[in-house]
Amino acid sequence: MTQPISGFSKKTKDAKIEWLLESYFNNSQAAKNTLEQYWNDNEALQQLHDDFIENALTNYYLPFGVAPNFLVNGTLYALPMVIEESSVVAAASNAAKFWLERGGFTAEVISSTKNGQIHIDFYGASETLTDFFTAIKPKLIASIASLQKNMQKRGGGLLDLELLDATHTLEGYYQLHATFETLDAMGANFINSCLEKIAATLEAEAATYKDFTTHKPKVVMSILSNYVPECLVRARVDCKVEDLTHNGISGATFAKDFVRAIAIAKSETRRAVTHNKGIMNGIDAVILATGNDFRAVEAGVHAYASKNGYYSSLTHAKIEEDVFNFWIEIPLALGTVGGLTTLHPLVKFALQLLQQPSARDLMQLVAVAGLAQNFAAVKSLVTDGIQKGHMKMHLMNILNQVEATSEEKQKAIIHFKTTAVSHSAVVNFITALRT
Ligand code: MEV
């Protein structure tokens, strides 16, 4: 039986792999080869990746693709996308082309404020805590002067610090709610450093505050929030209903069915989750390509989808005076400096491809990617269904599963241009070719 190991992180990469192979792979050479085939011959590049996390053994590839023809606020972009799902980039490209011919996308940042909290326990009289906070607030802010000097020079920093009484949600629970402008940085490290410093100052001041006799405030934790409804971006498309006519479907029918599909996603949780998952296909792909934190974005976006007390669609659609309007409004805390942006060569490439966007520019492009992805999905759903396009794109995966040769692949591609793709249809086709 495998035994626990101590000091694993201190072992060399080779020793870690040796231990793993011995413990879990019966010393399989094939398992070793699987890891080693992804090592990069460029030692510096490999070291860079090894340094990103602890216990790195190898690299895990995902395709880096590009969806061109995105006209956003009058500028043409090719969006970088990192994703494993076959049809996502194709769908984004189709939506980009569709809207390129109808005026493109418009996007605007509504607000860019981020936030964090110092969570406090206090069981004394609430007025005593309020008086204490009022008295020490200037000291709390002064304590982060050196931390926020550079951010302030560029026009950002702490915007506000307020004491919130949250005892109605939890006995003895108060918060210092801090708001920040972090400009082109996602700001997680900056915000957390500021919060921890303010928290330490608060506790030091509380230790000697004369009015705390029996009860003193105790800091439970200090951390930024990934819920950023004040860091909001909107992207939209609109056109005359008649301009939506395509593939023999009238604009009026398409617009009506489309708006109805969005209404269903707005009112029904099971559909809303899948609908929003499709939006996140586009958003996460650009977030990953640009080295941002997709878990933070996912968490914040889904919380925003529930802001009215139930989970609902992130996109909205209406027909007004024969004009079709389709838009998305989402919170996005993104960075185009710091983090991986100056480290990962492909992230640098992606940002270069986007013409070195500011964080606000990137918020707009990411919102557009989400809107485009949702447009493509709902367009398919209310017309041909999703499987036709999806399975066409999945064909290559099935061919690879059955280890088709290049010649077999070519024949299959031609055959399935006019035939529905399914796993069994592809297997049957290849079997027939081989016999
Ligand atoms: C698949 O990854 C995403 C969709 O299910 C989204 C949707 O249903 O709107 C196609």
Side-chain angles (χ1 to χ4, degrees), residues 62-67 70 79-99 105 235-237 244 246-247 249 253-289 294-295 297-299 301-302 304-306 310-319 324-330 332 366-398 400-401 420-423:
L62 283 177
F64 180 113
V66 75
F70 269 96
L79 294 188
M81 302 181 91
V82 170
I83 188 139
E84 89 299 344
E85 192 175 325
S86 326
S87 52
V88 169
V89 177
S93 304
N94 284 339
K97 198 80 188 296
F98 187 97
W99 284 105
F105 296 82
R236 68 181 170 83
V237 284
L244 289 170
H246 68 287
N247 293 348
I249 301 171
T253 303
F254 177 75
K256 195 164 135 288
D257 291 351
F258 194 101
V259 170
R260 187 68 179 162
I262 302 297
I264 292 170
K266 275 172 174 282
S267 59
E268 210 274 323
T269 307
R270 286 177 194 271
R271 175 58 202 147
V273 170
T274 317
H275 178 93
N276 289 346
K277 185 275 182 187
I279 294 172
M280 299 316 289
N281 278 343
I283 291 182
D284 282 343
V286 181
I287 296 283
L288 265 172
F294 62 90
R295 287 86 57 210
V297 167
E298 284 275 352
V301 162
H302 292 298
Y304 192 72
S306 311
Y310 58 94
Y311 190 87
S312 184
S313 167
L314 293 160
T315 53
H316 316 273
K318 64 177 181 191
I319 304 166
F324 170 77
N325 294 274
F326 178 46
W327 72 101
I328 187 169
E329 195 184 273
I330 41 168
L332 288 174
V366 169
V368 163
L371 187 70
Q373 206 68 47
N374 187 230
F375 179 78
V378 176
K379 177 171 174 279
S380 293
L381 287 169
V382 301
T383 56
D384 295 337
I386 209 75
Q387 281 309 86
K388 193 173 161 206
H390 185 75
M391 291 308 284
K392 272 238 143 46
M393 294 308 302
H394 193 53
L395 172 61
M396 210 39 90
N397 287 343
I398 305 174
N400 283 331
Q401 274 167 20
V421 179
S422 71
H423 194 273

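Below, all heavy atoms of this structure are taken into account, side chains as well, without hydrogens, waters or symmetry copies. Counting convention: from 1, in listed order, for ligands and their atoms alike.
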| task | Step through the shown structure and confirm whether more than 12 heavy atoms of other residues, nucleotides or ligands are within 6.0 Å of NZ on Lys266. | result | yes
| field | Flag if over 12 foreign heavy atoms under 6.0 Å of NZ, Lys97 | value | no
Tabulate below the donor-acceptor pairs under 3.5 Å that side-chain atoms of residues 277-289 make, not counting sequence neighbours, or state none.
from, atom 1, to, atom 2, distance (Å)
Lys277, NZ, Glu85, OE1, 2.9
Lys277, NZ, Asn281, OD1, 3.1

| Are there more than 12 heavy atoms of other residues, nucleotides or ligands under 6.0 Å from atom CZ of Arg295? | yes
Does ligand 1 have any N/O pairs with the protein under 3.5 Å, and how far apart?
from, atom 1, to, atom 2, distance (Å)
ligand 1, 2 (O), Glu85, OE1, 3.2
ligand 1, 2 (O), Glu85, OE2, 2.6
ligand 1, 2 (O), Lys277, NZ, 2.6
ligand 1, 2 (O), Asn281, ND2, 2.9
ligand 1, 8 (O), Arg271, NH1, 2.9
ligand 1, 8 (O), Arg271, NH2, 3.4
ligand 1, 9 (O), Arg271, NH2, 2.8

| message | Using every non-hydrogen atom in the two residues, find where Ile262 and Thr315 come nearest and quote the distance to one decimal. | response | CG2-O, 3.5 Å
| query | What class does the angle between the rings of Phe98 and Phe254 fall in, given that below 30° is parallel, 30 to 60° is tilted and above 60° is perpendicular? | reply | tilted
